[in-house]
Every structure is written in structure tokens, then in C-alpha cells.
Amino acid sequence: MYDVKGDKMDSATSDVPWFSQTVYLTLVLLILVTLLYQYWSALYIRCVVRLMYRWRRRKSCLPDGPVSDFLLNNQAGGYDEVNFLCVNGEDDSYLHVEITRKPDRKCYTKLTLCVKGEYIYTLPTDVVTYNNSRNSFRSSGLTLSILEDGTRLKLLYSGPLSQSKKCENSGKDITNDNDTVIKQVKILLLWKNLSANLSSDDNFTQRSLVQYLSKLYAERKVTAGEILELATNTDCVSGQSTVQSGLMHGVIQVSGEEEQELLLRGFKRRSVGEIRDWDNSSSYVEQVLVSKNGNFHYNRLSVPSARGLTATELSRFHSIRMHPNGELDSADLDFVYSFLAGWRLSETVSVLDRKGCQSSLSTADSFHQYTLGDGESGDRHCVLLPLSLQHRHCGLSSPDTGAGLLLYSNVRAQEVSSGVYTVDCVPSKEVIRCHPSKSYPLLKTLSMPVGEVSADDKLVVGLDHPDCRNDKLVGGKGSQLAVLYQSDIIKQCQVPMAACLTVQAFYLQLQTNRSLTELSAQLSQAVDAETEDIQKLCDTLKSEFLLSEINPKISKALQLHLQHIEHFDEETRVAVRSSAIGEDGEELSAAGQMDTILGVKGYNEIFAAVKKCWSSHFTFSAVQYKRQHGQPINTGMGVVIQKMVHADVAGALFTNDPVTASCNTMVINANFGVGESVVSGEAEPDTFRVTYTSDQGGSDIFSIEERVCGSKQVQYVVSESGTVGKQSVSGSSVFCADDETVLALCQIGLELERRFGHPCDIEWAICQGQIYLLQSRPITTLTQETEYELLHEFDSALAMDQELLSTMNIGEAFPGALCPLTISVVVKQIEDSMVNWSVANGLNVVPNLFRLHKVYCNHAFLNVHAYELSNKYRSSLADRRMMELALAGHVIDSMTDEVIRAYHPARPLLTRLYCSWRFFSMILGKREKCLVHEQALDKLTVPLTTSCAELLEYVNHTVDISSQVVKDYMPATAISPVYSQVLMGILTKGKHVWEAKHYTDLASLLACHINEVFSAGVPNKLEELSRLIHSHPAFAAHFLEISIESGDSFLNSKKTPAGVREAYQLFMENQVQMFMFLAAGSSQEVLESRPFPAYRDFTDDGKVHCYGSQRRRQVLLCTGSSGWFAKAVNSREEVKSILVKAASKMKLGFWRLSELMYNQGYLPSPELLFFLTVTEIKDVLSNRNGSLVNRAKRRRKIYEKQNSMQFPRFNHGYPEAVVTHQDLKSLEVETELKGMPVSVGEVTGTARVVKNLSEAHTIQKNDILIVYFTDVGWAPYFPMISGVVTEQGGLVSHGAVVAREYGIPCVVSCHNATQVFQSGDTICLNGSTGVVRRLKRDNDL
């Protein structure tokens, strides 16, 4: 050994460095082995996890695709679970909803809502019968409806909730708080998705699982053999779970308090599978965290059992993290892992994520414990713990705060010391049981084509016949009575026996009389006829029915059947009731539209009453009702001939309050005699309000909360001879029903609600103490859309409140509110094109999560955060100021780089360079593709077909081609902003400071080549056409004299010179169509392409004038290169013309479809098509969905309010409308009356006092009608009015029923209203409180 000088060293000295080197090499080798071991361990775990996921998919009994939101009809052995966990860290609000549907129509429901950190409302956990319909289900008063699959849901609740004050529950389980009170609460919440339904098999879940298993493996909590066992275990759970991030917004109304608006963000989880999966589920913890900057965390992790992590436990793993821009990543499982052992109230836990950023989670000072179960198998004990979050991001100066929820399932929180809790799995034998529930088999009418039933050749069937349950055979009323009669569940009441004339009998009667057939066909085709002509045709058809002889086959069959009814003879009094197809259904009630004849005796009177019922199918009010709801005119009608009940007392029972929709409140209207005085609204009946709950044993407890004694001045009574007569009495202060009768009726009503699966409107009668049921139909107005829902149903979800929304640029294309069809077609096309193009250019986000456009109150806004991000990462050379200048006309000072980094982390330079290359490579050749699409558009012609289905197929094809045009339009026009930035760079000499003089020079340069712009040729073409007209002096003089309305037809007529006519037609075809797009009427224009204003600024010599001689050299340099830009602008305008041509094709197709649907009776007016989405149009065509037609009409009404809204140009979060006029509700109150509220809502408008039907022609559109009472004769005027006030009537009076169906406010029993108010008064009608006010304007108004 030698030192550095070359001298030899002794051996003792030379051993030291050799030893050190050996130790060093050994340490390095150990480190390398450790790293290699960890690498191979991670690789091993990753491979095993992938193998496990593949095995799970192969073992699953469900398809691999995402679980749809559409509700499943659970088969035996299956379950369907929906879970919402949402929070708002700004006001300390949170929501937890859990609904689990199991076999035998059982449903476990839980709701916990904390409102603004003050009060906590909980729905007592119970096991009840759920009621399932086509797109919604209802349990415990909570209704979950699907508005659009995978996108929009609605939660609606009205009923009692337990209220407790949060501040009084510090440090304890508030579930056991004895200081709670019961409050009547109404909740409306709308769920809007931020993400798609994300399956647990997604890659980000696998990444999180690898990290979690690596942690367990490193801590010796799981061995390699156990990991291998996870992948090969055959006892893998069969089922599927998806999660979706989104926003929940809505309102809560507590009885006696002001309405409050709620805004929460979180996740929805949907799980379906076999029932053994739910019953034998492992204990797990579910966590949701939402930060102020829009970061969403979701974790669902099994709690390890005593025998370690099993396949069943691991199969419930689910984990994601979503950034506000829509990018998905694996979540940090330490957030959950730190709470598996235990926690302390008001404790803070710090966690470091993989990037070294610190997060702090703080527990709340209270929590919830509850049990889901029925005392049988599969009970779950759950714990809900609120959290608060503080996250310090490495690249941001200020921390990110937020809130969250922890949900422990099958786990119990146990206090081991003061404020310290542990979580333990709950053995099934120790579960706290809920009371067992009864099993209620569903009672349901059949709905089959008549040719598929055994009674298709029968004219009469009895209520005891099995086929009488088919509403297509005997109509809605007859089928409902048959279901009641054939059930054996009602012991304390009876259904009078009846014979039902079938629909075949009705059609046979039409065929017997040729004039009836011809008149009914004319009525069905009289779409565009005047109202007076339709009314005359209805009167003629009705008279023909009454004068016609009943077919002998029908009379013989009916007479023979009646003779077989027990205790029936010619002296027996009967009630003859109409029973049309579609009547008394879940979507439409048609209450009061058809006739009922009481006290009929003898065959001749019965036959005459049958003809009267048949003829009522074609009365003007019935025909208008069907037209207004998009139903066929001649749907077919059955007739029910039922033994008359000589009622001492009769009335109607609502199993849910029809006004407040309260699920635990029943309302009874009753009067002496026959119930006609109640349903017609001629009398003020007695009113009883009854609430009910269930005790621990499952028994129902009823309590009469309110008794209101009506005047009962009009009664229909059965005389000794059996006839029914109307008589007036002085009034009665005695109730017509005692408490025992009221409670018995409520018990029957609750039983029927559970059996039928929906809240019921029941007509009943009592004779000598015996209760008879005369009719039962669904209450169709409980889930009707409120004004809030109609205003906000298409609102987009925002990931954070700081998102900047703006009307810049898009406000020119969409100047007002958009109709639903435009939102579902045009906005979707533009959004999908922009997002897909951004993703294709390298933006690492999921396409269906990243949205550049938002909708609020049907107004379109730009998401400035998303646009800034898209521009920043599309090209490394992009300057965001140029994008802001192009869109807003100025630089947006509030959009700093730090704000953008909070929305999306910065990308490396190489990534941005790659994105730039992708950007320039994608914009090449797009113009040529658009020209190819134009050729395809030119081949499209609207088919001359009478089939709505064929026309809809053509429209869908046009929409597909238009979508391709929009997809290629975006990159084809992207080059012009690039040239703008180049020009600005030359003008500023590459400096980052842009001044006003630079903008002026840039504008002057762009104006130099304005003649080359495609759209700039439109005024020139118009000028040429004008000169051509002036070249024919006589014709020009005549042309100036005609009206504007007749100008188009005049120029297309033969009176116009051939050259002028051809030039005009060419101009209209090639130029005017550029500025037309999809419109529903003149006020719903969308994406109207206008030639943008431009100007020139020349000196006398025609050269560009420059402001500032020192910049003339740069400007002259730009003048040569600005020609490139002009070509780019011209190319953009050319492609835009193709886009507008595609829009024109769509417009023509949709308008043709709307006219055809109107002519065939699907829609009451053509423009209603534009207030339906594409999916809803298909539903209307396939199912004649009258509820969707009603929704479209209400949307059209609320559209006027939406279109009048104006918003600031820039808005952080959801925008607030700018007040431009004085609100009429703030005017001084002059006169006030109070009545009974029967249809909720509030409206301010002009009063129209009409004292009889002969004055109804004075009613104007949007008037508030004030009358004594209404009957079916007033029905045609309800679509015109905005509110109703009557002096007489009750909950089931004609005005109340029709008002609720049309969704307009109504107050009845408002005495002296026709005397106090006058036509022309400005009044405020509150259908929620029953108050009607006359207003006096301010002096300065």
C-alpha cells in the first residue's frame, strides 16, 4: 500500500481502509438487496392483485359494465343498496342517506342531515315496505327518483324527523339523546354527477390496493401466502359496487321556519348482488373527504377480522381520489388506516401522503350510532363520525381545508376511557334488533293488450273475474275495484259487487253506428281546428251517443250478468261509473272528467246511463284534458255498474297529505249523505288530519291532530225511494264522523297504501256502521316538480365554490336561457368536442369528468378554470392572456398561476412540449374532414313520413353527423388564436407587458383583410340583391308597399321577376341559413352565428394607420404575415358555415318531428318538444308518458322567468341573478284573506274575478282566477291561468285536483273572495299558507 506521495505504508495502517471499504460495500449490497426485495414484493403484490380482480370479474354474476342508476326489481335472493355521503366544510352541513332494498319488498332506510352546523335531523331507522315504480322507489316517506340515468337523481322527503341541537351533543352519541323533538320537515335534494359511475375494478383502485397490501406486508400483518390465497379463494363475493362523485343541492323546509338552501358535495355508492353478500358482509369503514379546493377522496376498506385479511374483506375494497379538474388518482389509505384501531372525539390525526404533503384529520365532538335490520338475519350496526380536513399542498402557499364523514359498518364504537373510543366488529348475536316487519305482497293491476287475456271475447266481466284486473280491458277504475274486491286483506270493510262493461263493448257500440265512427275519427284528427269547432264536434258526438240505440249484444250480456249478482233485481239502485283506459293511473288521474250517474234503477235507465258515460268520453273538457296531456282522444272506455250504497256519511281519504306531501299525515274530507258533495266541491266538508307512527312492536299508532268542522251547506242524500237528490241546509256544527270511525278509516288507508305500493286517494261511504270502498287511485301530485326544481334541474355540478364561471364569449352564442332540448343536444355536442380534443392533446383527465361549460338556471357559462387549464397544457408556448383576450376582451386579473395550480398541478416541460406537438398535428386536415361532412349533410333531406319513429331515427342520424362536424370544427379553428399570439409577440417585441396600443395595432391589422372573411360577404350579397330589386322600378315600388310578414312569400311568388326570385332564393339558401339554429320559438335561439363587427382604420392613402411611429417597423412586418392570419380566419368562417348548416338540418328535423307529434296527439303544442330532452322524447313516443308532457308545460312556464334572468360577467361559484326590476312580492299589502291551501306554490299576478262560466272568455293568460267554485266546465281554462282561488271546496274538489295536476297554486274555502277582489287587482296567492293578498304599488314605481 502506498500513500498519495508514493511512500509505502505499513500493514497495520493499510488494514483500516480495507475494512471500511468492506463494511461500505456490505451496506450497499444490503441496501440493493432490500430495494430489489421491495421491488419484487411490490411486483408480486401487483400481479396478485390483478389476478384477483380478473378472478372476481369471472366469478361475478353481474356484467362487467357499470351499474345503471335505473332501479332493479329485486329478485329472490338479491339486494340493491344506495348510499349518499355528502358534506359542506364551509357551513358544517353533512348528509348521510342509506337505502337497502331486500326481497319481500323490505327496505332499510336511514337519513341523517346536519343543517349548517346547528340542528341534526334523523329519520328513525325502521324496516318498512318499499314501493317501486318504473323510475323511482319510495320508503319511509323518502322517494328516490331517477331524472337521467347516471347523471341526475332526486331525493324527496316530507314527514317527521327527529331534531336535536348539535351544540348540546358535545362528547356523546347523539343517537341516544333524549332532548330531541319531532319536527315536520320537507326536503328536496337534487344529485348532479361530477364523475361517471366508477367501478371498484378500475386501475386507480388497484394502485391503492397495491400500496395498502405493501403496507400490511411490510408490517408483517399479512404474509405472502395469504396474499396468494386472496387471488385463488373461490369464496369471492358475487356482486358489484360503483361510486360516483357529485353535488347535492336543494332546500329544506322545517315547519314554522324559513326555507333554507343546502349545497353539499360527496359520493354516491351503488351496490347490487346476492343477498348472502349483504347478510355475511364483513365489517368495513367508508370515508368521504371533500376539500375547499375541490379534491374528492373516497375510501372503503374492510376492518381486518381475527383470522386476518380474507378474500371477502378485500373484495370490498374501493379507493379513488378526484382532482377538481376531473383527473383521477389513487387515494391515500392512511386516512382510513389511522382510524381502524380507535379515535378520540375532537382529536387531530396527522398523515403524510406519498408526495410528502401533510394532512390533518380532526374528529367531531359528536357521532351517531344506529342499526339497519329487522330482527332477522343480516342486521348491521353502524357508526357515523364527522371529520374536518386540513391539507397542506407542497406547491401552494395556503393550506386546503375541507370536511368529511367516516361510516363504520357492522362496527360498534365503545368508549374505553373519557372521550376515547375503539371500534370492534359486532357479532350477530349481539346486534341491537329493530322490531320485525310484516311482509306485504304487492297488489297491482294488470296492463296487457286485450288480445292476451282470456276474456277478449267477453263484453261484461265481474269484479271477481281474474281478467277484470286488466286496465286495458275494463279501464282504470274497474281494474282498481277488481283488485280491491279480489284481495283478502281487508277485513273491516267491503267493496260492493259490480259488473264491468269492457272496452270491446265500447268499440262494438262505435262500430254499430257509422256516424259515431266517423265523428270520433274527425275528432281525433281535428288538431288545428278552432276551439269553437272542436266544441261543436264534441257536442255533436255526445248527442249521437245519447240518441243511438245500444247494441243488442251488449244489452243482453249486461242484463244476463246483472241477474247473477246476489240480491240484484230491477228495483236495485246502482251507480254507473265511467272507467276509461288511463284513468286513475300513477301518471294521470283524469279526476272529474268522466260522468258518474247515481241512483239508477231498472235496465232501461242503466242502458241510458251507460250511454251517458260513453258519451262523456268525448265531452269538450275530457277531450281537452287528453290533448293537454298528450293522450289519444279515443283510448277506449269501460263502464262499472255497481250496487248503490245508501250512505249516511261519505267522503275521501288521502293516505298522504296532498298539499304538504307529509308521509305520516292522512287527511279525511267527509259530509253527510253521498260523497258527491265532497268530490264536486259544492260543500265545505269536515276535515280530519291524522298522524301515525309505529311502536317498538311494529304496531301502528294513530293520533287525530286536527278537526275542522265544515259548514256542510250542500248535501246529496238518498231518499226513501232510492233516488239521489241535492239539498241545501242551513249548516251544521256537528261532525259527521266520530273519532272511532276516523281511526278505522285511517287503518284501512294505511293497509291499502302498503299493499298497492303508493299513497292512495280513496273514496268511501258508511251505511249503518259498515265501511264501503268505492274507489282507490294513486295520488299523482306528491312528487310534482317545484319551482326550485324546475329552475335548477339542469344545473351543472361544481367541484368547488371557487370555480370561475363567465358569460364571456358563450353569452354571444347563447344570449338567453336554453331550452332542455338544446342543453341535451347542442351543449352536449360542444362540450364533448372540447373535452375530447383537450384529452387527445395530452390533458390527463377523464373525459366525462372534465367540463369546460356549465349550466345554471338553463343559462350557459364558461368554466374559466377549465379553459385556462386546457389552454395552458395544450401547448407549451401558449400564453393564457391571449385566450383571455379572445374570450373576454381583456386579461382576467384574478386568474393567477397559483389559482390554476390549485385546480391542477403543473406539468413538466417535456410533457408540455409533447402536448404542443400533439396540438399542431391534430389541427392539420380538419378543414378537409369538415368538407366531407358537408357533402354528407347535403345528401340529407327530411323524409316525408307519417311515422314519428322513422322521423326520430332521421333526426338522430342528423345529430350524429352534426356531432362529427362539431368535433372537427374545434381543431379546425384553433390555428387563428395561435397566429394572434404570434402577431402580438411581434408587436410587443416578445415582452410580457401588453398595453392598449398593442391591442389597437392588432385590431387594425386584423381589419385589413376583412373582405376575405367568409361571413363578411353576407352584407355584400344583400347589397347586390337590393340593387337587383332597384333595377326593376315598378317592382321595387310595389315591394316597398307590402308588409314585412308577407315579404318572403311575395319574393317567392310569380309576381317577382325571375332573376330577382332566383337571386333571393340563392341568398336564403346559402347565406341566411348561416344565422339560423335550433330554436323553440323566437325566444329560445341558441348558438346564433352572427357576423362579428369589424372595422378598418385607414389613412387617406389606404395604408394601415399606426398609433406611434416608433412601432411602424414592427407593424409593417406584421402586415406581411397578417395575410396568413386572414386565411386562418377565413377558414374558420368557412368551417363555421358547415357547422351552421348542420344545425339547420337538425332544426328542420326537430321542427318536423314536433309538428308530427302534435298532429298525432303526442303533444298539445309543437313547441313543447323543445322542453323535453332527447331521452324524454323517446319515452313520450313509446309510452305516451303524460307526466313528461306535464313537466314540459311547467318548464315552458318557468322558462319565461329563466330567460328574464341576467347574470354578472364573472361569477365565483354559482352565479346570482342581477335584479333589474322591483319584485311585486315586496309591494305594500292592502287587503288579505285566508283560505285552505290545497296546491302549493306562490304566484303574483293579475286577478280575474269570474262569477259564472259565461264570463270565462274574459280570462287572460297568466291571470289568477277567482271564482265561487269550479267544475269540469272550467278545465279548459286551467292551462292559461297561474293560480286559482275559490270560495267553496276542499282537498278533493275539482279546482283543487286539477290545480295540483297542473302544478299551479290553489286556495279554496276563501270566503268572500269574489266580493273583496276585483278584476285587474294585483294580488299575491300563496298556496302553501292559504293567504291571498291584494298589493298596492309604491308611489315611485
Would you please test Leu389 and Ser291 for side chain to side chain contact (heavy atoms under 4.5 Å, CB included) and show each step?
-> CA-CA 7 Å; Leu389 167 71; Ser291 73; 4.1 Å; yes

For residues [X] and [Y], report the shortest heavy-atom separation together with the two atoms involved.
X: Ser139; Y: Thr109; value: OG-OG1, 2.9 Å
X: Ala1192; Y: Leu1172; value: CB-CD2, 3.7 Å
X: Lys1201; Y: Ser1204; value: O-OG, 2.7 Å
X: Leu405; Y: Cys86; value: CD1-O, 3.9 Å
X: Leu123; Y: Ser140; value: CD2-CB, 4.0 Å
X: Phe1171; Y: Arg1196; value: CE2-CA, 3.7 Å

Below 4.5 Å, heavy atoms only, C-beta onward: do [X] and [Y] meet side chain to side chain?
X: Asp801; Y: Arg265; result: yes
X: Cys382; Y: Leu407; result: yes
X: Arg300; Y: Val243; result: no
X: Leu198; Y: Tyr298; result: no
X: Glu785; Y: Ile1198; result: no
X: Met800; Y: Asn295; result: no
X: Glu789; Y: Lys154; result: yes

Could you tell me whether the side chains of Asp91 and Ser93 share a donor-acceptor contact shorter than 3.5 Å?
-> yes

Between the side chains of Asn656 and Arg138, does any donor sit under 3.5 Å from an acceptor?
-> yes

Only one of Leu189, Val251, Leu95, Leu188 passes side chain to side chain contact (heavy atoms under 4.5 Å, CB included) with Leu262; say which it is.
-> Leu189

With distance as the sole test, does [X] use its side chain to make a donor-acceptor pair with the main-chain N or O of [Y] at under 3.5 Å?
X: Ser806; Y: Arg1209; result: yes
X: Asn1203; Y: Ala817; result: yes
X: Gln1202; Y: Leu791; result: yes
X: Ser158; Y: Thr660; result: yes
X: Gln244; Y: Ser195; result: yes
X: His297; Y: Arg321; result: no
X: Gln829; Y: Val959; result: yes

Show your working on side chain to side chain contact (heavy atoms under 4.5 Å, CB included) between Ile252 and Tyr157 and close with a plain yes or no.
-> CA-CA 9 Å; Ile252 177 173; Tyr157 178 80; over 6 Å; no

Tell me, with the steps shown, if His853 and Ile830 meet side chain to side chain contact (heavy atoms under 4.5 Å, CB included).
-> CA-CA 9 Å; His853 302 90; Ile830 299 174; 3.8 Å; yes

Can you establish whether the number of heavy atoms outside Lys1197 located under 6.0 Å from its atom NZ is more than 12?
-> yes

Lys192 atom NZ, neighbour heavy-atom count above 12 within 6.0 Å = yes

What do the steps show when you test Arg1195 against Glu1176 for salt bridge (charged side-chain N to carboxylate O under 4.0 Å, His left out), and what is the final call?
-> CA-CA 13 Å; Arg1195 286 171 177 168; Glu1176 292 170 345; 2.8 Å; yes

With sequence neighbours left out, the residues meeting side-chain contact (heavy atoms from CB on, under 4.5 Å) with Gln784 are Thr781, Arg1194

Can you measure from [atom1] ([X]) to [atom2] ([Y]) and round to the nearest 0.5 angstrom?
X: Cys819; Y: Tyr1199; atom1: SG; atom2: OH; result: 6.5 Å
X: Ile99; Y: Leu144; atom1: CD1; atom2: CG; result: 5.5 Å
X: Leu790; Y: Cys857; atom1: CG; atom2: SG; result: 11.0 Å
X: Ile320; Y: Phe267; atom1: CD1; atom2: CZ; result: 4.0 Å
X: Asn858; Y: Leu818; atom1: CG; atom2: CG; result: 6.5 Å
X: Leu798; Y: Leu247; atom1: CG; atom2: CG; result: 7.0 Å

In terms of ring plane angle, is the pair Tyr856 and His792 parallel, tilted or perpendicular, where the classes change at 30° and 60°?
-> tilted

Verify side chain to side chain contact (heavy atoms under 4.5 Å, CB included) between Val87 and Leu264, making sure each step is shown before the conclusion.
-> CA-CA 5 Å; Val87 296; Leu264 308 107; 5.6 Å; no

Give the C-alpha distance, both sets of side-chain angles, the deciding distance and a yes or no for salt bridge (charged side-chain N to carboxylate O under 4.0 Å, His left out) between Asp795 and Lys854.
-> CA-CA 7 Å; Asp795 289 0; Lys854 301 291 183 178; over 6 Å; no

Show your reasoning for whether salt bridge (charged side-chain N to carboxylate O under 4.0 Å, His left out) applies to Glu259 and Lys186.
-> CA-CA 9 Å; Glu259 186 178 80; Lys186 188 169 185 177; over 6 Å; no

Identify the residue among Trp191, Tyr1214, Tyr788 that makes a side-chain hydrogen bond (donor to acceptor under 3.5 Å, both in side chains) with His249.
-> Tyr788

